[in-house]
Structures are given as C-alpha cells and as structure tokens.
Amino acid sequence: MQKNYDHLASEDPIYAAWEAAGVLEADENSDKKSYTIPLPPPNVTGQLHLGHAAMLAVEDILIRHKKMTGHEVLWLPGTDHAAIATENVVLKHLGLKSREDMSRADFLSECRKFASEKHDRIVHQIKKMGAHLDWSREAYTFDRERNFAVNWIFKKLYDDGLITRGHRMINWSVGAQSVLADDEVEWQENNEDFFEFWCGPFLLGTVRAETKCADSPVMVHPKAKYVRARSADGRECIVTEKYFTEHTQLRKDFEIQETVPGKKLEGMKFEAETYAGKRKFWVVADEVIDPAFGTGAMTISTAHSPDDFVLAQKYDFDLVQKIDFKGKMTQIAGPCEGLPVLEARKRAGEIMEEKGLLFQRRPYANRVPKCYRSDTVVEPMLSPQWFISVEKEFPDPVSGKKTTLKKLMQEAVRGGHVQIVPKRFEKVYFQWIDNLRDWCISRQIWWGHRIPVWYDADENVHLPEVKSITFARHGESEANVKNVIGGDFSLTEKGKKTAEQIFKAVKDQNISKIICSDLKRSKETAAIVSELFANDVQIEEWPELNEFSSSELAQKAGKNFRREGPLQINFDQLTDESLDQIRDRAQSVFATLQEEAGEVLVIGHQNITAALFHFSRSDDTEGFVRFRKNWNWGRGECKDLEFLQSPRGKNLRQDEDTLDTWFSSALWPFSTLGWPNQTRDFEKFYPTDVLETGHDILFFWVARMIMFGRYATGEYPFHTVYLHGMVTDEQGRKMSKSRPETCIDPLETIEEVGADAVRLSLVIGATPGNPIPLSKEKIAGYRNFVNKLWNAGRFVQMQTSQNPPQSPLEKGGGTASPQPTSLADRWIASRLTTVAKDVATKLQKYQISAAGDAIYHFVWDEFCDWYIEASKINSNPAFLRHLFLEILKLAHPLVPFITEKLWKELGAEGVLIEQAFPEPTFQDAESVDEFAHIREVVTEIRRVRAEKKLNPREKISVQISPKLEAESAALIESLAGVKFEKITAADATKLSVGKTEILLHLPVDATRIEKEKKELASQIAALKSRLANPGYTEKAPKNLVDQTRKELAEAEEKLKKLGGKAFEEKKDETWLVQEISEKAKISSSDAKKALQEFEQFIIRAYSEKKRVKISGLGEFDFEEKRKKMEFFMAEEELS
RNA sequence: GAGCGGUUAGCUCAGCUGGCUAGAGCAUCUGGUUUACACCCAGGAGGUCACUGGUUCGAGCCCAGUACCGCUCACCA
C-alpha cells in the first residue's frame, strides 16, 4: 500500500465499478422496506456548486446508511430545465438580445442542444461526489414522460376548476419579458425621491411621479380631517390638518378657510395641470387611505399597482395602461412617452418643477421589486394569465369532503403528515401558506412546457381530452405450447375460447374497428371477435403491430428459436430489434392509432403492446426494460391505453405561453416514478421518504410538491423535509467569486483533496437550516482525517500480512468474527458497540454532524491513538482486522471512497455498500473502566514528563500502588515510557489517579503540587458547600447527591495523598449566622444564605487569585471576625 | 411593521427533556526522526456561556426585559 492515499487514482474507478456492478440500482420488486429520496434536480445547464455538494453529501449519507440497514433504497436523480434561467443562458450563449431574434422552433432547438450538452457535465460532476444515485432511472423535468404528467395534472386541475385564466395584476419582469410568480420577486430597498406635487388644489405625494398623470380619482380618507386653505393670490390647497400644521411653508403661504372630513370632499371634480398636460380628476373617499401618511391624499395608478387595482375594481375605475411591456411609458405620459420608467420619473420631476407643480422632494427608502433570475425591474402590470386557485373548494376524494389546495398544504404539516427539520421552519412554512395567493403559472417564455390549452376564433378554451384504446391479447397459439419465439402459428382450441372471452369483455363498448397484426394468432383472434360482433366490425391488419422481430435470431438458431424455461427479459435473446428501433416503431404505431376515429379494439402481442403502453408516454428505453419486466398481461385480458388527445378543429391555436418551471418541479417526487401510470416503481417507492433541500426553496418547491403530491396522488409525497443551510465562508458571508481567497469551488477541491474530505467538511459542523461555514482549513482538516484512516488501514495491512487471517470467514468479517482477547481488545470492542449504536441513533435523528463527529473521534482518538498503540504491545491481528473492517462499514456512508478502497486493499470480499451496518453487541464494562483508568494514568505520567521536558525515549522509574494486573502494567510501561520498580529516593514525585498512587523517580515539583492542591481545595469547597445546602440534599435526586458525596470523599482522599491537609469543618457556622442575622437585621435563614453566597464568592476569588474588596455587608465587620473563619483559605488574599 | 433564529475559547461552532471541573475542529504555545501516519505524536494555555432580573436545591439550557447580529414575510402611495 502506498504511503499516502491517492484519491485521484481511486475515486473515479471506484464509482465506475459501482455503476458497472449495478449496486446503485434499486429493485422495484424487492421485499425490503423502501427508502426513497428524490434528488432535487439541479439546473441542467448549471455547474456543481457548494450547495449541490452539501445536498449530495447529506442525501448520500442518509441513503447509504439506510441501504446498509436493510432498506431497498432509491435515490432518484435528474435535472431541471430551469426555464427562465436556461433561456437567459442560451440567449447569452447565442449572443442574442431577445428570443424574438429567432423563430420559436429554432430557439427551442438551440435550447435543447445546449441543455443536452451541459447535461453530461452536471451529471459527471454529481458522480464526482460519490453519490449513490440510481442513474438507470434518471429523469428530466422536460422530457416526454414528465410532459405527460404535466399535461395530465393540468387537465385534472382545470376540470376541477382549480386552474383559471384571469386578467389580473401580475409581476412583469421586463428583463425576462415574462410574468413572475409572487415569490419569484425579490425586493430591494432603494433611496429615492419622494415627490410632493400639486394636483389642482390637492397636494399629493408619490415616488412614482411618472405614473400619476392620467384622468384619475384622488383618494382621501372619509373620516380624516382635511383643511381647505387659500393663499393671497387665490390658490387653493387641500391637505390633512396634520400635514398642514407640520409645514411652516404652507402655513406661511396659505390661510385655512375650513376644516372638513374627507367624506365631504367626495364627488369634487376639477381639472389640473400635470407634467403631461391638463387632466380631469375627481375625489373618492375610502378608508384604505392612511391619513397619517404624506399629505393624506393620493391618485391611483389603476393598472400599475396591486393596491390601486383593488380600488379600481371596487369602484369600477378605468384601467389605464401607462407603462408598456417593454418597461417604457405609453403615449399617456405625454413628453415622457417611450422613456423607460426611471428616466421618465426623472423627466416628470423636472417638468413639474418647471411648471411650478413640485412642492418639494424628500429622500425616501423605497422597496422596489426585482426579478430573481434576470435582476431587472419588475413592474406590476395587468395581463391575462393562468392561475391556480389555492382557495377554491373542490371535493377531495381522500377525505370525501370539500377542501382547498391551501388547506391541503396546511394540513400536511399541521396534521403531522410532513415534518420539517429543523422544526422552526414549520412556522415559516405556515406564515407563507397563510398569506398565499393564487399562483400565476403562465410564463411568456419559450423554453418550458407549453400550456395545454387551445383557443378557437371566438377565444373559447379547449383542453386535451382523455381518450383510451382497448387492447386485448390474442389467445394461446401453438407457439406458446411449443415454447418457441418467432414464427407464425395458429390458435389452439384453448386460444379460440379466449377470443370469445375477449368479445364478452368488449361487447358493450361501441367498437367500430378491430386492428390486429398480420400474424395468424392475432388475425384469428380478431376474426372470431368480429364474427361474434356479427361481422359488423371490420378488421384491419397492421404488420407494424407484429411481435418483436426475431427473424435473425431464429435463423441463427434454426427454424424456430426455442426458449428454455421462463421468459427472461433479455432483449438480446428475445429480439434482433434494438431498443431504439422498438421505441420508434411503437411511437409511430401509437401516433397512427391516436388518429383513429371512434373506439377501436387492438388485438395485440405481449411485447409490442408493452412497448406501446410505455413509449406512448416516454422515450426512455432503459425505463422500458423495467416496464416490460413488470408487465403482466394474461391472454385474452383487456387493457385500456389512456392518452391525452389534443383538441382538433379548424383555426385552433395553442396558447403561446409556457408553464412556470416550478409547475413541473412540483410533480417531481411522483412524475419521476411513472405517475400517472400505476407503475411498479410508483407502488414500491411512493410516497418517498425524505426531501432534502436548501431552505431557500421551501416555498418555491417544497410547498408546491406537497400541494400537488397530495392533490394528484392522495398522499403526501414525503414524510420529512430536511433543510440544509447555505454554504458560506467562515465569516458567514455568501461565497462569492469576488473574494477568491475564501471562495471554494467544489470540483477543484475534489481534485485537490478528494470527495470524502469535501463531504465531511460540508456535513460535520453543519446543523439543519443554519449556514454551513466552510474554509480551506476546515477541508484540510478532514483531508487529514481521510489520510489518517488510510494509514490506520496500512497498519492493519502490515499486521495482517505478517499474520495472515486464519479462516476464510475473517476475510469478509463474517459472522464468526475473531474474538477480543486482550484488555485493549475488550475495551475497543465495547466502545465500538457504543459508538455504532450512537452513530445509528444520530443518523436516524438527522444529526449527521454529530454522527460524523462521533466517528471522527472514535477513529482518531480511540482506535488510532490508543488501540493501535496498545496493539503494538500485545497484538491480535485477526481481531484488529475485523475491528477495522467494522469501522470501515461504520464510516462508509460518510466517506464512501476511502472506505471502499481500504475494503479492497485489505482483501475483504464484495462491495462495502452491500454490507450490513455494524450492530455489535459485545460489551464489557469492567474492561472499559480499566482501560479508561490506564489512559488516565498514562496521560498523567506523560504530562509530568512533558513538563520536565524529558526525552521521550528516556525510561523513568515508577513505583505504583496498589499493584496492577500484569497486562495493565505492561500497557502503562510501554505507553508512558516508564519502568516499574521500587523507588527509594526521598523526593520522588507523587501522583494520584483514582485509587492508584504513583511515585515517579523525578524531583518533586513544588509549584505543580501546590497548584494541584489548590485545585482540589476549591473543588472540595464547592462540593462541601453544595452538600451543606439542605435544599440540595433534600430535593436533588438521590443518586446525584450520592455521587457528590463520593466525589468529595475521593477529592479529599486525593488531597491527603498529595500531602495536603483537609480543611477543618465549619464548626462555628451557627455563631456566624447569628452574628450576621443580628447585625444585618435579617432572618437567620437569609443570613445563612448570605453566608453561603459569601463563601462561594471568596472561594472563587481565591481560586482565581483575585484581590477582592468586600463591601455592602452593612455593619458586619468581616475583618474583626475573620480569625474565627478558619475554613477560608483566602484570607491573605483579601484586602 | 410582523415573525423566526442567533449571541458559548482568537476563529467556526456543538452542548439532547436544567445536574460531575462547559466541549470539538482550526489557530496558538512547548517538546518530539517512537518501524501506520509531520496530512503525524505527546503535552499545555485559552471561556463572567451578550446584558439585567426572575423561577429553581441547582440555569449555558426555562421565563421576562434590554442590546446587538442575521434570516424571512408584508400592498401603506
């Protein structure tokens, strides 16, 4: 074995070996309990960042641990098409300013190309982390299968009345040229001007000077007091009384005519000059106006502010569009027409100033909405969009009651169906849900699932219809009897009977046509059925419906290809068509079948029909292998193939918009398992178990998965949500490329130190929901640990190669494991039992950091520092090896690569991930105590040696009593570098560890002894005072009190051995209490308490060597009485 | 404005339902070529658990208040 672990040469081959061996794949037919985590799909065009790395580390640990504890685990990978983000990247990549510079089809094909190129990159990067993902089930939010799921649920929601189209106030991202959901808007605080300007007689205030120009109502509060004031030159001014009195300028220029409530102003009409010319205004009073804010009056921008829009609806005001979808002013803005909003605002301010309309500007902290993806301005705009109604009732098939989507989301957490780790995020979740408004799901971008809605010339809405085609399998043929594949055989007598059954099953349907293949068994079945329909139903023969071709195989094998035993789903042996050919054929047949008018009955063959069912919704060939394996179709059995048929008719056009990315992401836990098909995967692995992700997408994603999961499947999609925090640098700042010294790239770091070290550094010291501080130093620390493990392995290897394992059982650490013999063996075996249990418990509780910490310290501080050292004295190689293999299993979930590598290096059999997580039972409390004692003794001697700066090689003479067991003595001699013999020297150093007394042949170190004595003295005093407290001895648990007594006795004993004298008892305490009580005029119990506190104070002051000044004791003269207080050692220290 | 977290060693953080002398990693200091490992070994120093009160026999932990930091939410023009 090499001296240092070479992660570069090890990791990729190990991962490749796992993949090749198929150990990462889940078995949907397993009897084991399932454990499923859907991988939060990274953006397909993204690069692995630390957030991904943290996510992968946590999930991999959970998955591997569960797998090793006997679960059938499925960690399902995939990528996200990330609509807006990807579109931006592709535009940039193509050097385009706007997607309109290209045709929609061309742009989409560019996106697809780009996505598929980048896909391999992110997948490769994910594998670098060692993730135990089942790549055979990899999904993509924008593939055909997911598109089917999206359309299916859209249709279902629409039919339930939960998706509606509405002309509402939406968030328009000028940059992305699309609408955004409420939570996709980020708010930024800007310092801006607050304009106070004249609008006729009214003084109004606003930040958005550019929008306040059209014919509009002026809103006032009905109950607030307004003043009408007049100036010498006849100008009128209406503002709130409060505002008027606060502005000296107004008071100077204007004189109050009357004071009226806002209600009285209502209905007032006037014409006023604005920056864009003269306009008409009228006054409306409404309580939503805050009279204390600004001037207490405002005009409203009906089409550009959500609040104003509400008012516009309430009073039926005109909706006036003042800003267009490019973020520029419309012609209503007069001189500002065509200007972007911010420029228009500036210009409007200038014009008002020129016209003398501006009263004043003042600074104002304004919150402006920004697009979370394109970092551009978001404008509230009016636009027709599709919404999901979260508060609309619909019948819930699970409970049989009416419910709303919002209620389903609330019930998820409130009802304990979904628990969030850490728990405090449940409150955050509720806060969000409670404020949740309808979700705007349409987007004006091209890259995404197109909204499955069509419009006719009259703007009527059409959705796809759910249609179905009935398939029936032909009856038994002679081929089935002869057990051959291929060839063309007739039905048996039994097969003919089957055809009659088919007729019975479908006779009530309005079958208009029977379609069969051009193989005898199919044609004959069709003929019988048709005959029973009294030949009313015509038959069509479609050769493309023939069973998979096996002509070449048949030729190779002779006339017919005889099958041995039950059918194996091995397509190489079944057919000479490739999976791609099968897919293409199935999809083309399906396309034709869909066009069939009326109800058709297809007489099909086993395999091609399976292919039709699968490939009608999916392009995934690997998925078909699995689908076919779980495909059960008895002869004569009917199956309906359901599909969505797009509406047809003249002049229908599909909605141009696409769906919010999060719409398809919200289906992820079940769309990836085949939903809406009732697949074996879905049955076995849904609901999933844990959804682990960053808390920043709790709302975007997690809440919506809960909503759709429960709505679509009737079950909550997972029982636990584990939220990790954002990875930051050590100062808690977000990693940023502008600070290269603290910015860490996970891929570079994996290159440098290996994936295991990166994993540990992201997991240890990180608690759920909190930031994960990361630094190069921290990572280096875990690299050192990985290296430590490697070297421990090297030691084990050396030991066992000198003494090869005796039995083959020992090779894999089988059931008949080597037994612990020595004291150290029994100690470490007991510790392993404790630690393994501890680690398992912690992982169960999602305390991954603590579990990692436990392993780290067990390996380093106990196994390496003590057990390996002890085993150099008294070796038991077989057991050492066994123990180390157990440690590898224990550590495997955290550090999969190094452990797998060592597992191989040590010649253990199989793959580590397929071993059981250690659950040892060996426990020997006596050895644990004894070894702990030895450690203490050794440490104590080492400390003295270090203080004396002795050469580590120099053996010193030591006398020890009482005498130890030979085994213990040998350990101490070797580990502490001492030799036991009788000490005669008078000035030997005395040490005392528990019951053991040690004499070292070294000059006495007086200061050291003194220091120790003082420590003991303060300890004794503290213990005594605790015991002197009647409350403690009476109320505290008995075992605790006993423990304290025991400690006191031990400390006193120790002190005695060190030659210190025990302190005198507090004989005179009553006296003192009385004295204090009298002089301070307090009750004796208070005096007693005061004395205790005082005592504590003195003891602390003494032990800390502080000079203290005593005051506040009233008339009590401490100085005078102190000679009686012998128990205070501190007296000389006091002043 | 509301809600939620945090404040423990120089730095980053653990500390479970209150109970031994409050722990870890990194950094620091001392001494070390002991045949697994200098990516190491041995040892040391370093803390008024933010502050003020309260509950309790006992508080880092529970309660109230204060200060500071962070996060999230919110339509006040």
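Reminder, nothing fancy here: chain letters follow the sequence lines and each chain counts from 1.
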For this session: Indicate yes or no for a side-chain donor-acceptor contact from A:Ser801 to the backbone of A:Met798 under 3.5 Å, with no hydrogens or angles considered.
Result: yes
For this session: Using the closest heavy atom to pick a nucleotide of RNA chain B for each, name whichever of A:Phe785 or A:Ile289 lands nearer the 5' end.
Result: A:Phe785
Problem set entry | Rounded distance (Å) that lies between atom C1' of B:A24 and atom CG of A:Asp853 | 6 Å
Problem set entry | Strand RNA chain B in bracket notation, Watson-Crick/G-U under 3.5 Å with | for pairs to another chain | (((((((..((((.....[...)))).(((((.......))))).....(((((..]....))))))))))))....
Exercise. Taking C-beta and beyond as the side chain, do A:Trp172 and A:Leu382 meet within less than 4.5 Å on heavy atoms?
Worked result: no
Seminar exercise, completed: Separation of B:A74 atom C1' from A:Glu186 atom CD, nearest Å, is 16 Å
Seminar exercise, completed: Testing B:G43, B:C4, B:A77 for proximity to the side chain of A:Lys427, the answer is B:C4
Exercise. Which whole-number value in Å describes the distance from A:Ile772 CD1 to B:G5 C1'?
Worked result: 16 Å
Exercise. If we take the P atom in both B:G44 and B:G3, what is their distance in whole Å?
Worked result: 49 Å
Exercise. Tell me: CD of A:Gln1043 to C1' of B:U21, nearest whole Å?
Worked result: 13 Å
For this session: Might you work through the side chain to side chain contact (heavy atoms under 4.5 Å, CB included) test for A:Thr767 and A:Tyr846, ending with a clear yes or no?
Result: CA-CA 9 Å; A:Thr767 41; A:Tyr846 302 101; over 6 Å; no
Exercise. For A:Ser849, which contact category applies under a 4.0 Å heavy-atom criterion: base, sugar-phosphate, or nothing?
Worked result: nothing
Exercise. With rounding to whole Å, what would you report as the distance between B:A27 and B:A36 at their P atoms?
Worked result: 25 Å
Exercise. Under 4.5 Å between any side-chain heavy atoms of A:Gln188 and A:Arg367, yes or no?
Worked result: no
Exercise. Given B:A2, B:A24, B:G43, which nucleotide is nearest the side-chain atoms of A:Arg942?
Worked result: B:G43
Exercise. Just how far, in rounded Å, is C1' of B:A38 from CG of A:Asp865?
Worked result: 14 Å
Exercise. Is any side-chain N or O of A:Lys788 under 3.5 Å from a base N or O of B:C37, one able to act as donor and the other as acceptor?
Worked result: yes
Exercise. Distance check: side-chain N/O of A:Thr939 vs OP1/OP2 of B:A42, anything under 4.0 Å?
Worked result: no
For this session: Can you figure out which of B:G5, B:C37, B:G19 approaches the side chain of A:Asn787 most closely?
Result: B:C37
Exercise. On a whole-Å scale, what distance lies between the P atoms belonging to B:G46 and B:A2?
Worked result: 45 Å
Problem set entry | Short side-chain N/O contact from A:Trp860 to OP1 or OP2 of B:C41, under 4.0 Å | yes
Problem set entry | A:Lys322 backbone acceptor or donor facing A:His304 side chain under 3.5 Å | yes
Exercise. So which nucleotide from B:G44, B:U72, B:A36 ends up closest to the side chain of A:Arg943?
Worked result: B:G44
For this session: Just compare B:A36, B:A77, B:G43 and give me whichever is closest to any side-chain atom of A:Met798.
Result: B:A36
Exercise. A:Phe194 vs A:Tyr364 aromatic rings, parallel, tilted or perpendicular, using cut-offs 30° and 60°?
Worked result: tilted
Exercise. Hey, what's the ring geometry for A:Trp860 with A:Tyr856, parallel, tilted or perpendicular (30° and 60° as the breaks)?
Worked result: tilted
Problem set entry | Nucleotide of B:C73, B:C39, B:C75 approaching A:Arg437 most closely (side-chain heavy atoms) | B:C75
Exercise. Taking side chain as C-beta onward, heavy atoms only, is A:Leu843 less than 4.5 Å from A:Ile848?
Worked result: yes
For this session: Give one of base, sugar-phosphate or nothing for A:Asp308, where a contact means two heavy atoms less than 4.0 Å apart.
Result: nothing
Seminar exercise, completed: Nearest-nucleotide check on RNA chain B, A:Asn791 vs A:Pro773; residue mapping nearer the 5' end is A:Pro773
Problem set entry | Atom pair distance, as rounded to whole Å: NE2 in A:His695 and P in B:G3 | 20 Å
Problem set entry | Within the 6.0 Å centroid threshold, strictly below: A:Phe884 and A:Phe795 | no
Exercise. Any side-chain heavy atom of A:Tyr1032 within less than 4.5 Å of one from A:Leu1040?
Worked result: yes
Problem set entry | A:Lys3 side chain near B:A38 phosphate (N/O to OP1/OP2, under 4.0 Å) | yes
Seminar exercise, completed: A:Phe293 has its side chain closest, among B:G25, B:C41, B:A77, to B:A77
Problem set entry | Options B:C26, B:C39, B:C37, nucleotide nearest the side-chain atoms of A:Asn784 | B:C39
Problem set entry | A:Asp434 CG to B:U72 P, straight-line distance once rounded to whole Å | 19 Å
Exercise. Does a side-chain N or O from A:Tyr364 land closer than 4.0 Å to OP1 or OP2 of B:A77, or not?
Worked result: yes
Problem set entry | Nearest-angstrom distance, P atom, B:G25 to B:A9 | 16 Å
For this session: Output the single nucleotide from B:C37, B:G19, B:C20 whose closest atom is nearest the side chain of A:Leu1040.
Result: B:G19
Exercise. Taking CD1 from A:Ile779 and P from B:U12, how many angstroms apart are they, rounded to a whole number?
Worked result: 17 Å
Problem set entry | A:Ile868, nearest nucleotide to its side chain (from B:A36, B:G19, B:C39) | B:A36
For this session: Look at the side-chain N and O atoms of A:Asn770 and state whether any lies under 4.0 Å from the OP1 or OP2 oxygen of B:A14.
Result: yes
Exercise. Which part of the nucleic acid, if any, lies within reach of A:Arg945 when heavy atoms closer than 4.0 Å are counted: base, sugar-phosphate only, or nothing?
Worked result: nothing
For this session: Check whether the side chain of A:Glu869 and the base of B:A36 form a donor-acceptor pair under 3.5 Å.
Result: yes
Exercise. Taking atom C1' in both B:C63 and B:G47, what distance in whole Å separates the two?
Worked result: 25 Å
For this session: Answer with base, sugar-phosphate or nothing: what part of the nucleic acid does A:Asp290 contact at a heavy-atom distance below 4.0 Å?
Result: base
Exercise. Which part of the nucleic acid, if any, lies within contact of A:Pro1037, taking any heavy atom under 4.0 Å across all strands shown: a base, the sugar-phosphate backbone alone, or nothing?
Worked result: base
For this session: Remember a base hit wins even if backbone is also touched, and classify A:Gly205 as base, sugar-phosphate or nothing at under 4.0 Å, heavy atoms.
Result: base
